[in-house]
Structure formats: structure tokens, C-alpha cells
Amino acid sequence: MELRGERVVLRTLANADAAKLVKIGHEPEFRRWWPDLDEANLASKVAGTSGAVVFAITLLDKVIGIAQFYEEDDPQYRHAGIDLGIATAWQNQGLGTDVVRTLVHHLVNERGHHRLVIDPAADNHRAIRCYEKVGFRGVGVMRRYERGHDGTWHDGLLMDLLAPELT
């Protein structure tokens with residue numbers, strides 16, 4: 001599958017992407033927010049056993065990050081969630097916003113979701129601003145939500161977006 005944004009292309013994750021993504025996963029600023037991007041984790045994602053639909057984020061055919069979505073298909077709770085991470089050298093250029101907007105449009109327009117969620121670390125202000133640009137709103141803080149690579153628990157911010165709120 002391939003999804004085209006204004007500048008980025010999201011394409012189905014392949015084995016050939018693993019080495020580049022492992023390298024990105026070792027960058028301190030990337031690892032701070034996505035601590036488990038290693039060979040085993042990527043192998044699961046490529047094999048389709050991670051429970052998510054996973055993409056390599058590319059810019060001019062160069063892998064610059066990873067994005068994924070998962071879907072809850074129970075009719076009473078149907079929604080989708082997204083995650084993404086971009087290599088440090090490519091941050092602060094509007095590419096994350098392009099990735100989020102591309103995924104959101106696909107999930108709303110092609111997959112029929114009325115509600116999307118994302119759960120950044122509560123102190124990941126760059127990511128939160130990115131998500132807000134697309135229309136996500138903070139719903140609440142989830143206390144001690146995730147264990148960081150330092151082994152301590154950190155708060156998460158639950159954010160959601162309803163289809164009519166997409167900007």
C-alpha cells in the first residue's frame with residue numbers, strides 16, 4: 001500500500017527498511033519517544049504480526065521514519081489509532097504534520113472511521129503541537145501510562161479527532 005501526502009510518501013514497511021529504521025531508532029531524541037524500535041520489533045511489523053498496519057515514511061525515496069495505525073472494529077467502539085516517529089534530522093520541517101494528515105485522511109475517507117486517537121507522552125510538546133495542527137484535541141492525561149527507556153513511568157496525553165474536526 002502507498003499513501004501520498006503533500007511531501008511524504010507512506011509505503012508498506014519492507015524488510016529492506018529495517019537497517020535504516022534501526023539506525024533511526026538509536027538516535028537519542030527518537031529513542032526517547034519510541035524506545036523499542038529494534039530488529040525484533042521491526043521483524044514483527046514487517047511480518048504483519050504486530051497488530052498494526054505499518055509504513056516506512058519516505059521523502060524523495062529516502063526512509064526518514066515509521067508510521068502505523070491500528071483499528072478497533074467492534075461496532076460499539078470502532079475507531080483507529082496512529083503512531084509515528086521521524087528521524088531527528090527531518091524534524092521541525094512540517095513532515096510530521098504531513099504524515100499525520102495523510103494517515104487521518106486515509107482512515108476517515110478510505111477506512112470509514114469517524115474517530116481517531118493518538119497517545120503521545122504528555123511532555124512531548126513537539127508531537128502534541130503537530131497533532132493539534134491536524135485537529136486532534138487533548139482528552140485527558142493518562143497517569144504513569146508508559147515506561148520510558150529509562151525504566152520509569154511517564155504520563156501520556158490521550159488525544160482524539162472526530163472526522164468533522166479534521167483541518
Side-chain angles (χ1 to χ4, degrees), residues 1-47 50-70 80-107 116-138 141-142 144-161 167:
M1 178 183 332
E2 185 176 280
L3 306 176
R4 293 191 165 272
E6 287 183 24
R7 296 173 56 203
V8 299
V9 174
L10 310 180
R11 62 167 173 70
T12 301
L13 188 66
N15 283 321
D17 302 320
K20 178 63 176 172
L21 288 170
V22 167
K23 184 177 177 184
I24 291 169
H26 283 96
E27 296 173 1
E29 185 64 15
F30 187 100
R31 186 174 174 79
R32 178 179 179 197
W33 309 117
W34 199 318
D36 63 348
L37 195 63
D38 57 23
E39 292 88 353
N41 185 279
L42 285 165
S44 171
K45 292 178 183 306
V46 170
S50 70
V53 176
V54 188
F55 301 93
I57 302 169
T58 66
L59 179 68
L60 303 173
D61 294 322
K62 178 180 176 122
V63 174
I64 64 166
I66 188 168
Q68 62 187 15
F69 70 83
Y70 67 89
I82 64 174
D83 294 303
L84 70 141
I86 295 178
T88 307
W90 296 100
Q91 294 177 6
N92 298 317
Q93 299 178 40
L95 299 172
T97 303
D98 192 16
V99 171
V100 173
R101 189 170 281 121
T102 301
L103 279 173
V104 166
H105 277 281
H106 173 71
L107 291 166
L116 307 175
V117 298
I118 196 162
D119 56 356
D123 60 345
N124 190 345
H125 304 292
R126 178 185 302 132
I128 293 167
R129 280 192 309 273
C130 168
Y131 308 146
E132 288 173 339
K133 288 177 188 176
V134 180
F136 281 88
R137 297 179 184 180
V141 173
M142 299 176 290
R144 297 176 130 193
Y145 177 64
E146 64 184 349
R147 189 183 306 266
H149 73 279
D150 63 359
T152 64
W153 290 99
H154 301 271
D155 293 347
L157 177 64
L158 179 60
M159 301 180 80
D160 73 0
L161 172 122
T167 61

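In this chain, numbering begins with 1 at the start of the sequence shown.
- At most 12 non-hydrogen atoms from other residues, nucleotides or ligands lie less than 6.0 angstrom from NE2 of H26.
- Remark: F69 CZ to L107 CG distance equals 5.0 Å, nearest 0.5 Å.
- Considering only residues two or more places apart in sequence or on other chains, H154 meets the ring-ring contact (aromatic ring centres under 6.0 Å, His included) condition with none of them.
- Residues satisfying the side-chain hydrogen bond (donor to acceptor under 3.5 Å, both in side chains) test with E29, not counting sequence neighbours, are W33.
- In this structure, CG in L21 is found 11.5 Å from CG in D38, a value given to the nearest 0.5 Å.
- A salt bridge links R11 with D17; the closest basic N to acidic carboxylate O contact falls under 4.0 Å.
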>> Run M1 and F55 through side chain to side chain contact (heavy atoms under 4.5 Å, CB included) and show every step you take.
In response: CA-CA 8 Å; M1 178 183 332; F55 301 93; 3.8 Å; yes

> Going through the checks in order, is the side chain to side chain contact (heavy atoms under 4.5 Å, CB included) test met by V104 and L161?
Replying inline: CA-CA 9 Å; V104 166; L161 172 122; 3.7 Å; yes

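- Around CG of D61, the count of heavy atoms belonging to other residues, nucleotides or ligands within 6.0 Å does not exceed 12.
- For the atom pair C130 SG and I118 CD1, the distance stands at 7.5 Å (nearest 0.5 Å).
- Put simply, CG on D155 and CG on D119 are 12.5 Å apart, with the number rounded to the nearest 0.5 Å.
- Defined by atom type and a distance below 3.5 Å, a donor-acceptor pair is missing between the side-chain atoms of R32 and N124.
- How far CZ of R126 is from CD1 of I86: 10.0 Å, rounded to the nearest 0.5 Å.
- Taking each heavy atom of R147 and W153 in turn, the nearest pair found is NH2-CZ2, 3.0 Å.
- The shortest non-hydrogen separation linking F136 to L116 is CE2-O, 3.7 Å.
- Between the side chain of D160 and the backbone N or O of V117 there is no donor-acceptor pair closer than 3.5 Å.
- Taken to the nearest 0.5 Å, the CG atom of L103 stands 10.0 Å off from the CD atom of Q68.
- The closest donor-acceptor contact from the side chain of T58 to the backbone of V9 lies under 3.5 Å.
- The environment of CG in D36 is crowded: more than 12 heavy-atom neighbours from other residues, nucleotides or ligands sit within 6.0 Å.
- The minimum heavy-atom distance linking G85 with I57 is given by the pair O-CD1, 3.8 Å.
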